[in-house]
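Each chain gets a letter, A, B and so on, in the order the sequences are listed, and its residues count up from 1. Note that this is a predicted model, so its numbers are computed, not measured.
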Amino acid sequence: MKNLEEKRPSREGTPSSAAAQMIVIPKHKELPNYLIIQIRQKLMDAGFTPDKVFVEKNKTL
Amino acid sequence: MLSLSLNRKDDCFDDVFSWTALAIAEEKGNLGISLYAYLKAFSLCINTMSPQYIPAIRDGMNRIQASNYEKFSSYLSLLPKEYVISNKGLKLPKRNRLTFNKKKIQDAMIWYLLCDEPLKLDEFQKEIALERQRCSDKKKEEKAHRIKKMVEEIKEMIGEIEEKSPPSNPIDIQSLESSFELESSFYVDDEPLQTTIAFNSQSLDCQPTVSFLDSIYSSSSSTTTPVSKSLYRNALMQQAEVKEKKLREKSYGDTKRQQEDKKTEGKEIPHEALEATHYYLNKKAFFVFQKFFTSNESATPEMHSYRNDITVKKKEIQQLLKALSGYYGPAKGSHEKATLLPLKESCPTSPTLAAAAIQPSSREKNRHLSTPFRQKKHSS
């Protein structure tokens with residue numbers, strides 16, 4: 001199971017830190033609305049707001 | 001038959017030769033048609049100011065006049081009303097004889113045709129040439145005036161561009177002005193133009209565009225042309241860039257992002273600093289990320305939380321979370337879970353969105369309860 005996990009270099013602390021956000025994706029092909037809202041909130045809590053997340057450099061739209 | 005032939009409107013010929021040919025053919029048969037044809041040929045001569053055909057027309061009309069003078073005088077009424085025709089001949093209208101113009105040439109042609117005076121072709125042709133030259137001079141003056149106007153318009157355009165975005169290489173307007181003045185000064189004077197200027201008449205009818213300017217500069221022989229031409233093109237390019245920037249601002253209207261872009265333009269951002277404040281995603285992941293933060297303007301604030309206009313597929317959210325999360329992998333059953341690690345400087349959440357997420361409506365609460373995939377089960 002651990003081999004399947006894709007690990008990235010951690011930016012701060014460990015996954016068990018208080019600010020880490022756990023997101024569970026259900027088996028449905030399309031996410032239900034309430035999950036979309038939850039994920040959005042978790043993204044914002046983790047700091048991934050539209051003013052901080054951009055397209056990769058040199059690949060601008 | 002005679003009246004019909006004179007009053008017919010469908011004049012099928014439009015040249016002197018055909019009308020004279022018709023007149024000669026009808027001399028032996030229908031005298032009225034012959035006279036009508038002669039007069040038509042004569043009027044064409046007047047309109048085109050080509051007196052060389054008048055002797056032949058005059059001979060023919062004299063032949064008819066000898067046979068039937070009354071009819072001849074009545075047919076002369078076809079001429080314009082300002083010419084008073086009597087038995088003695090043609091009386092020209094009173095006007096200022098000092099100025100020689102087209103009308104005077106026409107009057108003289110009629111006079112020579114209908115009276116006994118011999119036709120002086122050389123004098124006619126000289127006068128006509130002079131008249132034509134004057135007409136062309138007037139046209140050239142008008143064209144020069146038009147060019148001046150166009151130059152002023154272009155100057156205004158360049159001024160506007162400079163005001164909007166001060167360029168790195170400022171446009172030398174003085175050099176432009178001097179170049180245009182060099183060209184335009186030729187046409188201001190009242191001196192005869194044809195000897196001094198080789199004028200490119202094709203360029204005059206064009207609109208004030210780049211091609212127009214190119215044609216002007218190519219025709220002129222001033223030394224400043226290459227500089228002003230490139231400057232004008234640069235100005236156009238800058239205007240286009242400003243427009244593109246405005247469009248980008250509208251579509252991705254984030255002022256902070258623009259400021260950051262301006263700061264970091266042309267420089268490589270250090271990896272640590274990038275991680276601290278910003279996060280860069282690939283295109284597909286970014287599009288998915290945008291879906292979560294698109295606002296439905298038509299919806300009321302209460303309905304904002306439902307967001308029925310958004311559909312996020314499982315594959316898409318997988319892509320996004322893989323790009324964002326530090327950990328991603330399978331969970332219980334066919335579910336998958338991801339752990340989002342926070343950015344170092346997490347910004348405060350927007351109040352409206354946070355309120356919508358924290359205080360969901362009763363319908364959404366029911367959904368939470370009804371669905372088996374509640375967060376409590378999986379969160380540890």
Side-chain angles (χ1 to χ4, degrees), chain A, chain B residues 252 254 256-257 269 275 277-283 286 289-290 292-293 305-308 310-314 317-318 321-322 324-331 333-347 349-350 353-354 356-357 360 364 367-368 371 373 375 378-380:
Chain A
M1 294 291 281
K2 283 182 183 177
N3 293 332
L4 294 169
E5 289 182 356
E6 294 177 9
K7 195 171 183 179
R8 283 193 164 208
S10 62
R11 291 182 293 277
E12 185 188 1
T14 57
S16 60
S17 66
Q21 302 293 324
M22 296 294 292
I23 294 172
V24 177
I25 306 159
K27 60 182 177 183
H28 308 304
K29 283 183 181 177
E30 283 190 7
L31 294 184
N33 288 327
Y34 77 91
L35 262 180
I36 291 171
I37 294 158
Q38 277 184 13
I39 292 166
R40 188 184 68 219
Q41 186 58 41
K42 284 178 180 178
L43 285 169
M44 289 168 77
D45 289 343
F48 296 104
T49 47
D51 59 336
K52 295 202 173 184
V53 177
F54 307 120
V55 187
E56 274 177 349
K57 203 71 179 173
N58 300 326
K59 288 180 181 179
T60 52
L61 295 172
Chain B
Y252 301 102
D254 284 333
K256 286 184 181 178
R257 185 191 168 186
I269 307 160
E275 277 189 344
T277 54
H278 304 295
Y279 200 79
Y280 286 81
L281 294 172
N282 56 17
K283 264 186 183 180
F286 185 74
F289 180 80
Q290 274 186 325
F292 287 96
F293 293 94
S305 59
Y306 288 96
R307 307 186 65 80
N308 289 323
I310 297 168
T311 53
V312 182
K313 291 179 181 176
K314 195 177 176 181
I317 191 70
Q318 280 173 352
L321 290 173
K322 274 178 187 175
L324 285 174
S325 67
Y327 296 92
Y328 180 83
S334 59
H335 305 334
E336 288 169 357
K337 70 174 179 181
T339 309
L340 278 178
L341 297 175
L343 288 170
K344 275 183 181 177
E345 294 176 9
S346 59
C347 70
T349 55
S350 62
L353 292 173
E364 198 189 342
R367 279 192 180 185
H368 272 276
T371 48
F373 308 109
Q375 193 185 351
H378 302 287
S379 62
S380 58

Does any part of the side chain of A:I25, heavy atoms only, come nearer than 4.5 Å to the side chain of B:K314, both counted from C-beta?
yes
Tell me, with the steps shown, if A:V55 and B:L281 meet side chain to side chain contact (heavy atoms under 4.5 Å, CB included).
CA-CA 5 Å; A:V55 187; B:L281 294 172; over 6 Å; no
Euclidean distance, [Y] [atom2] relative to [X] [atom1], rounded to 0.5 Å:
X      : Y      : atom1 : atom2 : answer
B:F293 : A:F48  : CZ    : CZ    : 10.0 Å
B:T339 : A:K42  : OG1   : NZ    : 10.0 Å
B:L340 : A:I23  : CG    : CD1   : 4.0 Å
B:L321 : A:I39  : CG    : CD1   : 6.5 Å
A:I36  : B:T311 : CD1   : OG1   : 7.5 Å

A:L43/B:F289 under side chain to side chain contact (heavy atoms under 4.5 Å, CB included): CA gap, chis, key distance, verdict:
CA-CA 9 Å; A:L43 285 169; B:F289 180 80; 4.2 Å; yes
Ring-ring centroid check B:F286 A:F54, cutoff 6.0 Å
no
